[in-house]
Structures are given as C-alpha cells and as structure tokens.
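Taking it in order: structure first as structure tokens, then the write-up.
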Amino acid sequence: MDPTPLHLAFLALAGVAAGILGTAGGITSLIAYPALLAVGIPPFSANVTNSIALLGSGLGSSLGSRPELRGHGATLRRWVPVAVVGAVAGALLLLATPPGVFAWIVPFLVAGAGILLLLQPRITRWHAARDRPIGPAWVAAAILGVTVYDGYFGAGSGVLMIAVVLILIDHDLARANALKNVMLFFADLLPAVLFALAGPVVWVAVVPLGLGALAGGLIGPRVMRRAPRTPVRIAIAVLALGLAVWLLVQAVFMP
C-alpha cells in the first residue's frame with residue numbers, strides 16, 4: 001500500500017464509524033474490513049491489519065462501558081480466560097491454514113446470530129418458564145466457539161458474542177454489550193501480538209484506523225446507554241443479516 005493523505009483520512013473516518021457501530025452493537029468489521037479492502041489491501045492482510053487496528057475500538061469501549069460493568073467483576077474473571085484461549089486458538093489456526101477455509105460457513109454464522117438477536121425476548125421468556133439455569137459448560141462452549149472464530153476471521157464476531165451474552169449471561173442489552181466489549185478486547189490482545197509477529201500487517205493502515213477506532217470506541221457506549229433497547233437490538237440484527245449477505249457475496253464472487 002502506497003498511502004495518500006486521502007487514504008489515511010478515509011481510514012481514520014472509517015475507524016471512528018467502526019468504533020461507534022461496533023461498540024454500540026458488534027458490527028465493527030462491517031465498516032473497517034471493507035475500508036481496508038477499498039484502499040487496496042489484499043483480503044488476508046486486511047484481516048490481520050483489521051484485528052490489530054480494532055484493539056483501539058476495544059480499549060475505548062471497555063473504558064467507556066464502566067458504568068454498565070459495575071457488579072460484573074466476577075463474570076469477567078470467569079469468562080475472559082475462556083475468551084482468550086478461544087481467540088488464541090483461532091489465531092493459530094489462521095496462521096496455520098489457508099485463508100478462506102471458513103468462507104462459506106461465516107455468512108451463516110453471522111446470519112444465525114442476527115436471527116438469535118431478533119428472537120432473544122422469546123428465548124429469554126422460554127428460559128424463564130423452564131426455571132432451570134443454563135450450565136456453565138454450555139456458556140463456556142458458546143464463548144469458546146465465538147472466540148475461536150474471532151481469532152480466525154473476526155468479521156461478525158461482535159454480534160455473535162452479544163447474542164451469546166444476551167441470551168446466556170445478562171438479558172439487559174446495554175450490560176450485555178459492555179461485557180461483550182471487554183471480553184473481545186482481552187480475547188483480541190494475544191492474537192494481535194501473534195499477527196504482529198507473524199502476519200502480513202499493513203502498519204501504515206493500522207495507525208489511522210486504530211486511532212479512529214479508539215475515538216469511536218469511547219463514543220459507542222454513550223450511544224448505547226441512551227438508545228432505546230428494542231430498536232437497537234433489531235437494528236443490530238438487521239445489520240448482522242446485511243453483513244451475512246455481504247460475506248456470502250464475497251465468498252461467491254471474490255474467493
């Protein structure tokens with residue numbers, strides 16, 4: 001990549017938009033990943049570059065979500081290590097296998113998360129009617145599955161994680177979103193180090209995208225705090241379905 005000032009400004013603005021959209025709902029890569037492709041970065045390099053740059057979004061959103069995280073220290077201590085293990089496994093899988101192995105599976109995972117978000121109130125009522133708590137093994141398996149995927153590819157992992165947290169851990173959307181932000185931030189740290197050491201990172205793109213994402217990440221939780229819950233949940237689900245269609249089109253026409 002031979003950057004121009006216009007490229008750098010475009011990536012910075014994309015980072016801000018991605019940070020706001022992602023930390024307020026989980027669709028960060030809907031903006032950031034296509035922006036990297038748009039400035040001429042190949043898909044595999046864009047994937048690892050995106051993973052490093054969006055640490056800024058995770059840091060900003062974690063700092064901005066402190067009010068929603070009160071009383072959830074034990075929850076984070078319990079599930080963050082699971083998320084970290086899953087993400088590292090996914091990153092190692094990415095570095096050891098050909099890019100695109102999951103290309104046909106990813107759109108359906110993201111679409112499934114969108115559908116789960118749409119159905120979340122019914123699923124929550126069903127759990128309440130059963131009056132039986134979900135076993136920690138199921139929660140761990142769900143978090144592990146999402147974070148393996150997050151470390152491997154990442155696009156749509158935020159909406160997958162928010163669906164898991166909202167259904168299995170905390171039924172309040174703002175708190176579930178805050179927990180998602182923190183778990184994915186810590187999950188992404190070690191994979192970012194692996195990518196920095198062994199992956200084809202485009203560092204000149206990391207700086208503007210990462211700084212923009214940090215700013216957007218600080219703004220996103222404030223947006224979520226004030227937004228009406230049901231319209232936001234539906235909007236996230238619709239965006240997830242849109243991302244799924246985009247990923248499927250990419251798999252078909254840009255393998």
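Note that these values count all heavy atoms, side chains included, but never hydrogens, waters or copies made by symmetry.
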Atom pair OH/CG of Tyr149 and Leu93 - distance to nearest 0.5 Å: 13.0 Å
Taking the side chain as everything from C-beta on, heavy atoms only, tell me whether Val88 gets closer than 4.5 Å to Pro191. yes
If every non-hydrogen atom of Ala14 is compared with every non-hydrogen atom of Leu209, which pair is closest and at what distance? C-CD1, 4.2 Å
Chi angles and distances behind the side chain to side chain contact (heavy atoms under 4.5 Å, CB included) call for Arg175, Ile169: CA-CA 10 Å; Arg175 290 195 300 270; Ile169 297 177; over 6 Å; no
Closest approach of Val82 to Ala140 (non-hydrogen atoms, all atoms of both residues): CG1-O, 3.7 Å
If every non-hydrogen atom of Gly19 is compared with every non-hydrogen atom of Ser57, which pair is closest and at what distance? CA-OG, 3.7 Å
List the steps and the verdict of side chain to side chain contact (heavy atoms under 4.5 Å, CB included) for Val204 and His7. CA-CA 10 Å; Val204 72; His7 284 148; over 6 Å; no
Ser65 versus Asn181, closest heavy-atom pair with distance: OG-ND2, 3.6 Å
Output for pair (Phe185 CZ, Leu63 CG), nearest 0.5 Å, gives 8.0 Å
Heavy-atom closest pair, residues Ala192 and Leu55: CB-CD1, 3.5 Å
Measure the shortest side-chain to side-chain distance between His72 and Val182 over non-hydrogen atoms and say whether it is less than 4.5 angstrom. no
Are Val48 and Trp203 connected in the hydrophobic side-chain network, where two residues link if heavy atoms are under 4.5 Å apart? yes
Any donor-acceptor pair under 3.5 Å from Thr49 side chain to Val202 backbone: yes
Does the pair Ile162 and Leu179 meet the rule for a side chain to side chain contact (heavy atoms under 4.5 Å, CB included), with working shown? CA-CA 8 Å; Ile162 199 172; Leu179 289 167; over 6 Å; no
Hphob cluster co-occupancy, Leu76 + Trp79, side-chain heavy atoms under 4.5 angstrom: yes
So if you build clusters from Ile, Leu, Val, Met, Phe, Trp, Tyr with side-chain heavy-atom gaps below 4.5 Å, do Leu13 and Val206 land together? no
With a 3.5 Å distance limit and no angle check, can you tell me whether Arg222 reaches the backbone of Ile219 through a side-chain donor-acceptor pair? no
With a 4.5 Å cut-off on side-chain heavy-atom distances among I, L, V, M, F, W and Y, is there a chain of contacts connecting Val193 to Leu59? no
Nearest 0.5 angstrom please: Ile52 CD1 to Leu189 CG, how far? 11.5 Å
Shortest non-hydrogen contact from Pro81 to Arg77? CD-O, 3.3 Å
Do side-chain atoms of Ser61 reach the backbone of Gly58 as a donor and acceptor pair under 3.5 angstrom? yes
Group every Ile, Leu, Val, Met, Phe, Trp and Tyr by side-chain heavy-atom contacts under 4.5 Å, then state whether Leu190 and Ile143 land in the same group. yes
Rounded to the nearest 0.5 Å, the CZ atom of Arg70 sits from the CD atom of Glu68 at a distance of 8.5 Å
Going from CG on Leu173 to NZ on Lys180, what distance comes out if it is rounded to the nearest 0.5 angstrom? 9.5 Å
Any chance you could lay out the side chain to side chain contact (heavy atoms under 4.5 Å, CB included) test for Asp188 and Leu54, step after step, and finish with the verdict? CA-CA 9 Å; Asp188 290 340; Leu54 292 184; over 6 Å; no
